Amino acid sequence: MRPTTVLLIAPAFPEKTFWNNKAVCRVAGARHTAIPLGLLTVAALLPPDWQCRLIDLNCRELTDADIDAADLVMTGGMNIQRPATLAVVARVQRRGKPVVVGGPDATSEPDVYEGADFLVEGEAEGILGALVAAWEAGQRSGRFAAEKFKADVTTSPVPRYDLLRRADYLYYAVQFSRGCPFTCEFCDIIELFGRRPRVKTPEQVLRELDTLYESGFRGHVDFVDDNFIGNKKAVKAFLPHLVAWQRARGYPLVFSTEASINLADDDELLALMREAGFFVVFVGIESPDARTLAAMGKKQNTRRALSDSIARIHAAGLFVIAGFIVGFDSEEAAVGRYMVEAIEEAAIPVAMVGLLAALPNTQLTARLRQEGRLFPVEWQLRMLTAGEGGDQCTLGLNFTTRRPRREVLADYLEVVERLYTPSAFFGRIERASREYDCFSPPRPLDPAAPAGFLGIGAGDWAELRRLLWHFLRERPGALRHVVGLLYRCARTNPGALRHVATQAAFYLHLGPFSRFVSSAIRRQISDIDGGRWQAPVPEPAWSHPAA
Ligand code: SF4
């Protein structure tokens with residue numbers, strides 16, 4: 001029998017989103033930020049004689065000939081990719097080919113994808129074998145659901161990195177763990193992967209890194225774990241292996257990840273991460289208000305001075321990208337002002353501030369539905385497909401807010417408009433740059449490159465020149481801020497130049513993006529003021545089994 005030919009399609013992210021950092025990609029000569037790790041893992045789980053091809057719609061066009069050449073198409077992604085995923089399903093079916101949909105959004109809200117030929121709910125390791133067996137038995141449609149939180153990640157194969165075009169991406173990715181022990185009400189991670197983090201073995205992760213290294217890859221790898229330190233004992237057992245791996249090869253890689261703020265409380269963990277080559281961590285801070293944090297179930301963020309915690313992470317040589325949310329029930333008026341003050345005080349240059357969005361299958365969604373406040377799913381889909389698309393920065397609040405909607409939007413607008421003026425943004429980078437202890441980090445990137453001026457390699461200087469050229473061309477008004485910042489950093493803390501340049505590059509994206517968000521929110525406010533906003537009729541109150 002001829003082996004099955006599979007086309008894996010990564011759906012596009014909306015053009016206008018915080019995460020779609022196209023401007024930074026341009027500086028680095030890439031087309032997209034992150035690789036589609038889920039689809040690469042799926043490809044590795046398929047029978048070895050099946051022939052796989054990947055098209056990432058964030059980087060390449062899809063042609064009818066691509067679809068026609070495949071026996072089976074597989075796709076799926078996150079909630080924000082929903083319209084693009086549904087468009088892929090429709091297009092593939094128009095060509096008469098069967099399509100499989102899986103991934104986080106299909107798992108959270110499978111009924112949205114009921115038109116797909118095959119639907120896979122849950123983690124691929126636990127269920128893909130059943131799909132393959134059904135396909136090989138001649139079945140051409142079906143619905144498969146993995147048992148929740150049961151996939152044994154220690155059996156997960158090395159993702160098929162060979163399917164990627166390396167130059168397309170800003171960074172590569174690996175995964176160490178799935179799941180998080182915390183209970184944040186708005187979070188879908190704990191519903192998708194459970195509250196008991198499951199981890200790969202150190203040997204397994206190092207095998208993945210070996211694969212990248214042997215393919216010639218050098219540079220930035222993201223640990224895509226939603227909370228890298230969810231199982232501290234396991235991560236502390238893993239990191240010494242990673243340190244040894246990096247040392248033995250002259251530090252060919254640098255790492256980023258996401259972690260909860262309690263990372264700041266653990267000096268041993270911070271030291272290990274620094275020694276392993278981590279340079280940035282995304283931390284979900286969400287709100288400056290302790291009452292709101294407690295109400296959302298994020299107790300790990302309370303009982304701490306935010307600025308002290310961030311300073312401790314900075315002192316360990318990592319810079320912080322932080323997530324904040326506006327729109328919680330317990331917020332008080334002027335939350336926008338308090339949020340800006342907290343971000344400024346903690347010197348967090350890159351802050352992802354979004355509107356609260358009730359994601360499918362979360363405790364928040366269950367509660368809002370029970371309270372009769374949740375907007376119907378069609379409303380969200382209509383918003384996602386309207387205009388240029390967007391993310392939770394423009395399309396959140398898919399429910400009846402406790403405070404008047406206008407007030408919440410005005411608070412949010414204040415944050416967006418104050419945080420991303422050039423003087424505020426570069427001022428925060430400058431203050432943070434004094435806190436990084438980067439004098440003796442492991443030498444990252446190409447170990448063969450000469451250290452060069454200020455301990456920075458020739459390749460890095462070329463990147464710096466490219467960065468300045470992009471500012472000159474795209475944001476000339478901000479150029480003097482960048483030059484001044486780099487000059488002062490070179491004099492006072494030259495070891496932090498790489499951090500400073502990387503964060504400055506974000507402005508190429510965040511400057512224009514914040515203006516896009518600001519005008520979208522101003523339009524929403526003006527619709528309310530002009531009586532043009534019509535609140536959708538919420539879903540009927542319904543008691544969700546998880547509530
Ligand atoms: S700490 Fe992060 S990953 Fe964990 S439950 Fe909260 S939001 Fe989700």
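Owing to the predicted nature of the structure, the values given are computational and were not obtained by experimental measurement. Keep in mind that the numbers below use all heavy atoms, side chains included, and drop hydrogens, waters and symmetry copies. Atoms within a ligand are numbered from 1 in the order they appear, just like the ligands themselves.
- At a cut-off of 3.5 Å, with distance as the only test, a side-chain donor of Asn227 or Ser260 sits close to an acceptor on the other residue.
- A donor-acceptor pair shorter than 3.5 Å cannot be found between the side chains of Thr75 and Thr85.
- Of the candidates Glu191, Glu185, Lys298, it is Lys298 that places a heavy atom closest to atom 7 (S) of ligand 1.
- In this structure Phe399 satisfies the ring pair (Phe, Tyr, Trp, His ring centres under 6.0 Å) test with no other residue, sequence neighbours excluded.
- Judged by the shortest distance from any of its heavy atoms, Arg195 lies outside the 4.0 Å radius around the atoms of ligand 1.
- Ligand 1 is approached by Gln300 to a heavy-atom distance shorter than 4.0 Å.
- Considering only non-hydrogen protein atoms, atom 4 (Fe) of ligand 1 sits nearest to Cys180 SG, 2.2 Å.
- Between the side chains of Thr17 and Asp391, at least one donor-acceptor pair of N or O atoms lies under 3.5 Å.
- Ring geometry for Phe513 against His509 counts as parallel: the plane angle stays under 30°, on a 0 to 90° scale with 60° as the upper cut.
- For a distance bound of 2.8 Å, the N, O or S atoms of Cys187 include one lying that close to atom 8 (Fe) of ligand 1.
- Counting heavy atoms under 4.0 Å from ligand 1, residue Cys184 touches it through both backbone and side chain.
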